[in-house]
Structures are given as C-alpha cells and as structure tokens.
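Numbering of ligands and ligand atoms starts at 1, following listing order.
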Amino acid sequence: MLTAQQIEQFHKDGCIVVPGELSPETVSSLLQESHKLLSEFSLEGHPMTKFSTGDSLGEGEAKHVGDAYFLESSDKVRFFFEEGAVKDGKLTVPKEKAVNKIGHALHDLNPEFHKMSVTARNREIAASLGLSDPKILQSMLIFKQPEIGGKVPSHQDGTFLYTKPQSAVGFWYALEDCSTQNGTLAFVPGSHKTHPVAKRFVRDGHGGTTFEDVEGLVSGPEPAEENFKVLDIPAGSLVLIHNSVLHKSEANVSQKSRFAYTFHAIDGTCEYDQRNWLQVPTTGGDNFTRL
Ligand code: FE2
C-alpha cells in the first residue's frame, strides 16, 4: 500500500515520486538486462523507425512500414530510434546508443521485466489509487541516450492510453539517477484537475494513426514554463503519473544516459475501444495482462 499521505498527494498533484521502490540489486539487474537487449538487437529487417511521441516519421512507403512496425508492437518487443540517430535510413551512432525506446510488451514477454511488473506490491499500489481491476496495457524501456536523447513535449498519457472514463496510471521506474542534467521528468501539479484529456490517439483506418477530438471536452491553455515542477529522481524510485497530468522531459545533452522502465495500468472495468492505436492482439482486442 501507499501511505495515506502519498495517496492524498497523488490526488492533489497528479504525480508523486516514491523513492527506494527498487533495491540497488534489482536496479542493477534490470540495467544489465536493458544493455543486453540493446546489444543483442539485430538491425536486420528493421524499418529504421524513429520515435516522436507516438508518431512514426517518414514519407510514403517508408511511413507505412514505420506505422506497421509501431502499431504491431503491442504484443512484441520492438526497438525505436532517436530522431537524431537516423539519417537517410542509416544509423549515425552505434546501435546501442541509437535506441530511444523498446516497446510495448516487455511486461509480458521479457522474464526480468515481467517479474518486476506483475507483483503483489504493484497490484496494491494500483488498488490504493482506485483501480478495481488493474491491467497492464503496455510497457517501455526509455533510454534518453547521452547527447542525442530527444525531448518529450508536454502531454497527457490519457491521450495515448484512452479509457472511458479515464483510468490509466503510469508506473515509471528510474533505473538511473534523473536530474535536470540528463532530461528528467517535469510536471504541472494539479493540471489533471484543470486540463481534461481533449484529444486521443487513434488508428486512422488506413494503416496509420491520428489525433481525434474527444467529444465535449476542450483542452486547457498550455501552461507557462514556470508552472512545471522539475523532479529529481534517484535510481530505484517509482514515479506514479495520473492519466491527465501534464508532463514532459527535456533533451539529454549530457554525457550521462537516463534509463527508465515504465508500464501503464488501466482499470479493466472501464471501456477500452477499437479506435485506440494500441490493440492486443494487434488485429483488435483488449487482451491485457492482469496486474
Ligand atoms: Fe507520458
């Protein structure tokens, strides 16, 4: 369970840091597993898909192939590159330094990440935040590589992980220390109450994706920079992120990487429809992993 104070703060701010959630041994074995995934990954047959907040880039056929690689990743372990790491279809840095993220079924397919995701502790945390039938939708390893780790603009996770009513909770684990130096998280306290999720990320029906307005909701104004609270997050911490809280992270221009593992839980009692970009299996469905 979270403490009463942590639960209260989560509801008030929309985001909390729970330090010391992973032991140093667990952190180091997950980091080792992450490096192993990066070094064993083969470029053969890869469409050289870059990642920019859910939108795969490219033109014509390249875009189509990139979209398919992304959309069909919900029940696989796939690798997406930093924008700054691919030029004319070729990597500009070694592959271990080129990957922006791995997704989206590590919690299901990778034994190490499965073991630390599907736990009684996480089930209790989800329950204490109000999820009555918690399920894991998707998971990602996010790398923020030294010097080229891209910024993630301000967004709400409910846009990408849409349920009716909104229910997603982000479980975000720092595998390395995160500070202003290497592109840590920042969020707007209380924005989950003032900024309804007015857009959702859906399949466009033509093999790609698009943003769609949510009926009856209007986005709040984009907050000023000074409204973002920048988080100092020691390795091993768990950051819990409300589906509607505005958050972002800056580019990592330092020499130090910023590895994190994240998964999202939703409430299985909420509606999850076929418009969502993420379907498990990819042909359509909501066969999510029970937490
Ligand atoms: Fe996010």
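Between F113 and Y261, the ring planes are tilted. Angles from 30° to 60° get that label. Using the six-membered ring where Trp is involved, H104 and W277 have ring planes that are perpendicular, over 60° apart on the 30 and 60° scheme. In this structure, Y69 and F80 have perpendicular ring planes: the angle between them is above 60°, well past the 30° mark.
Less than 2.8 Å away from the Fe ion (ligand 1), the protein contributes these N/O/S atoms: H155 NE2, D157 OD1, H247 NE2.
W172 and H264 have their aromatic ring centers separated by at least 6.0 angstrom.
Evaluation of the salt bridge (Lys or Arg N to Asp or Glu O under 4.0 Å) test over residues 208-220, restricted to residues two or more places apart or in two chains, returns K199-D213, E212-R275.
Relative to the six-membered ring of F143, R258 misses at least one condition, a distance below 6.0 Å or an angle of at most 45° to the axis.
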